[in-house]
Amino acid sequence: MPLRVYNTLTRQKEDFQTVIPGKVGMYLCGPTVYKPAHIGHMVGPVIFDTVKRYLTYSGYEVKWIVNITDVDDKLINRARESGTTVEALAKQMTQDYFDNLATMGIAIGRDGIDQTPYATQHIPEMLDMIQRLIDKGYAYPLDGDVYFDVTKDADYGALSNRRLDELIAGSRVEASDRKRHPADFALWKASKPGEPSWDSPWGPGRPGWHIECSAMSLKHIGETLDIHGGGLDLMFPHHENELAQSESCTEKKFARYWLHNGLMQAGSAAGKVGGGHDRHGDLAEKEAQEAGKIAGSKGAASVKELFEKFPPETIRFFLLATHYRSPIQFSDENIAETGKSIEGFYRLFETYSRITGHDFYSLPIAKTRAGTSPLPDQPAEFISAVKSFRDRFLDAMDDDFNTGGAVGVLFELRKVVNGFIADQKLESTGKSNTTALATLTSAVTQLKELANLLGVFIKPLPKQAAGADDGFAGELMNLILELRAEARTTKNWPMSDKIRDRLKELKVIVEDRPDGVTWRQG
RNA sequence: GGCGCUGUAGCCAAGUGGCUAAGGCAGCGGAUUGCAAAUCCGCCAUCCUCGGUUCGACUCCGAGCAGCGCCUCCA
């Protein structure tokens, strides 16, 4: 099945065809670095990281750019409030963003985001673009500002399905505003004293909000992007304006496919806090609304705080269990349930290691679809099941990156592998059944290869690593289990059960298996 | 007011113009176990409401209801 993607611009799924065959240029609107990242900021990166993984697996060479907007009104205000400089605040928050990406399993570099260009380092490119727009008659200077003239762009509004006359009704037309059309937006803003400022043909100033994405995507990818991504909230005005200025400037199609991800929504309190059109203009109210959208009425939790409650892998799985275009209901309960649901995978990986002596996480996997590791044809029924799950997984991904469907298939694959282990009695026959073990390894490898496309089950959880160490706690556990084993040999069930029950109260799960005893912290 | 999205089992969540409507969590029954745990097997929905199109719709169209997003430099 060929890859199909939903294009916001045409509002339908289209066959995926890149500008240059075999290559993909992908641009994702990154953050304005003025405050610590919250969970919502991770949605786009996780999704497009997965998109890149899948495209790479499908044989494309992908270049993925995520910009950093490090000059902006919010940044200026925030720096002023907290008595720091724009540069210092931006640097700090950029680092926070990168830290969070790393924690979520998103690399900076070849295996992840190829480049993270900064707005402030592309002022000349922006000035050049603005000048070209003026020269072509699409933009006009006005008292040190430069505005894009939306009436000159016949297609303006196509992406977000808006018409100019409707925009007038919704926009605030201020008396002092001398723009030609209320929807005209700033390409360049004259800077006020104390604000970051760069020289320009129109006087000292700073870039408008949208121009940096147009300039940086042009420089780092080219005139036509294959994929332009971002949150649904950016569709208007940000993406609409990017589209207008870029196409007016280059007279080329700006992006082949516009992919917009759904937004993170808070729990039940969201409607109360974030909904409605409150007319209280004060900042606190505004911030409460913003918080409500992603973290309920209790305020926006930073991702860092969330990482203290849940393993990043659980959060990543949680984000990918829903289709990227759908909104995701955020709540601790929902994430906790995801955590519970993926427990079974960790059990399987432990079981696999126990009966084969191999570490699941060290299994080598194919990097491309074409080079996938071969499967035996031994137990026909089992192998054909594995193959069909693989096909269904890839079909789901080919259908507009349907990670939710793919996740479901992964669960089915897990189940059938567990079934194989049970049927072959691998827990008890142990290492003697080498044929079955080899079959098991190829099936598990297949599972790992697919999971890798979602960016999960790549490294062992820190907690698991800690549980496996030989520290004092480990020694103590060995001692306790030794005593319990003695009680069991003498059929002293009350004693052995008491030990197990008391350990359970301490969140230690003891499991008696045919070939021995295992324990883990739950 | 304008534009748009969503409504599938107790909860989360895929999907399809007609075949048994994925999967997970929770629950129930069974196998296994000294008892458990883990694992396996089985059970558990007719798809918001009302109309229409159709041989046939949960899937297409219309209306309604409910929830939500954007229109306000939030990813």
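Every chain is numbered from 1 and lettered A, B, ... according to where its sequence line falls, protein lines coming before strand lines. None of these values were measured; they are calculated from a predicted model.
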Next item on the list: Using a strict cut-off of less than 4.0 Å between a Lys/Arg side-chain nitrogen and an Asp/Glu carboxylate oxygen, indicate whether A:Asp73 and A:Arg206 qualify as a salt bridge.
Entry: yes
Notebook entry, point to check: Do the charged groups of A:Glu427 and A:Arg354 touch, with an N to O distance under 4.0 Å?
Noted result: yes
Next item on the list: Give A:Pro31 one of three labels, base, sugar-phosphate or nothing, depending on what nucleic acid heavy atoms sit under 4.0 Å from its own.
Entry: sugar-phosphate
Margin query: For the base of B:G24 and the side-chain ring of A:Phe411, does the geometry meet a stacking cutoff of under 5.5 Å between centres and under 30° between planes?
Written below: no
Notebook entry, point to check: Base, sugar-phosphate, or nothing for A:Gly231, non-hydrogen atoms under 4.0 angstrom?
Noted result: sugar-phosphate
Note to self: With a cut-off of less than 4.0 Å, is there a side-chain N or O of A:Asn334 near OP1 or OP2 of B:C11?
What the structure shows: no
Note to self: For a quick check of understanding: with a heavy-atom distance under 4.0 Å over all strands, which category does A:Arg325 fall into, base, sugar-phosphate or nothing?
What the structure shows: nothing
Item checked: Minimum heavy-atom distance between A:Arg316 and A:Leu454, given as atom pair plus value -> NE-O, 2.8 Å
Check: Using purine N1 to pyrimidine N3 plus N6-O4 or O6-N4 for Watson-Crick, or N1-O2 and O6-N3 for G-U wobble, both under 3.5 Å, which nucleotide pairs with B:A21?
Finding: none
Margin query: Quick check against the 3.5 Å criterion: does A:Tyr324 have a side-chain atom that pairs as donor or acceptor with the backbone of A:Thr403?
Written below: no
Margin query: So, does A:Asn418 get its side chain near the phosphate of B:C40, meaning an N or O under 4.0 Å from OP1 or OP2?
Written below: yes
Next item on the list: Have a look at A:Gly44 and say if it touches a base, only the backbone sugar-phosphate, or nothing, with a 4.0 Å heavy-atom cut-off.
Entry: nothing
Notebook entry, point to check: Does the B:G69 base have a donor-acceptor partner in the side chain of A:Asp233 within less than 3.5 Å?
Noted result: no
Check: Contact class for A:Asn161 vs. all strands (heavy atom < 4.0 Å): base, sugar-phosphate, or nothing?
Finding: sugar-phosphate
Notebook entry, point to check: Using purine N1 to pyrimidine N3 plus N6-O4 or O6-N4 for Watson-Crick, or N1-O2 and O6-N3 for G-U wobble, each under 3.5 Å, what pairs with B:C50?
Noted result: B:G62
Item checked: Rounded distance (Å) that lies between atom P of B:A75 and atom CG of A:Leu234 -> 7 Å
Margin query: Judged by each residue's nearest nucleotide on RNA chain B, which is more toward the 5′ side, A:Arg11 or A:Thr351?
Written below: A:Arg11
Checklist line | Distance-only donor-acceptor check, side chains A:Asn241 and A:Tyr156, under 3.5 Å | finding: yes
Note to self: Please classify the nucleic acid contact of A:Ser160 as base, sugar-phosphate, or nothing, using heavy-atom distances under 4.0 Å.
What the structure shows: sugar-phosphate
Notebook entry, point to check: Would you say B:G24 has OP1 or OP2 under 4.0 Å from some side-chain N or O of A:Lys415?
Noted result: yes
Note to self: With a 3.5 Å limit on both atom pairs, tell me what B:G42 is paired to, counting Watson-Crick and G-U wobble, or say none.
What the structure shows: B:C28
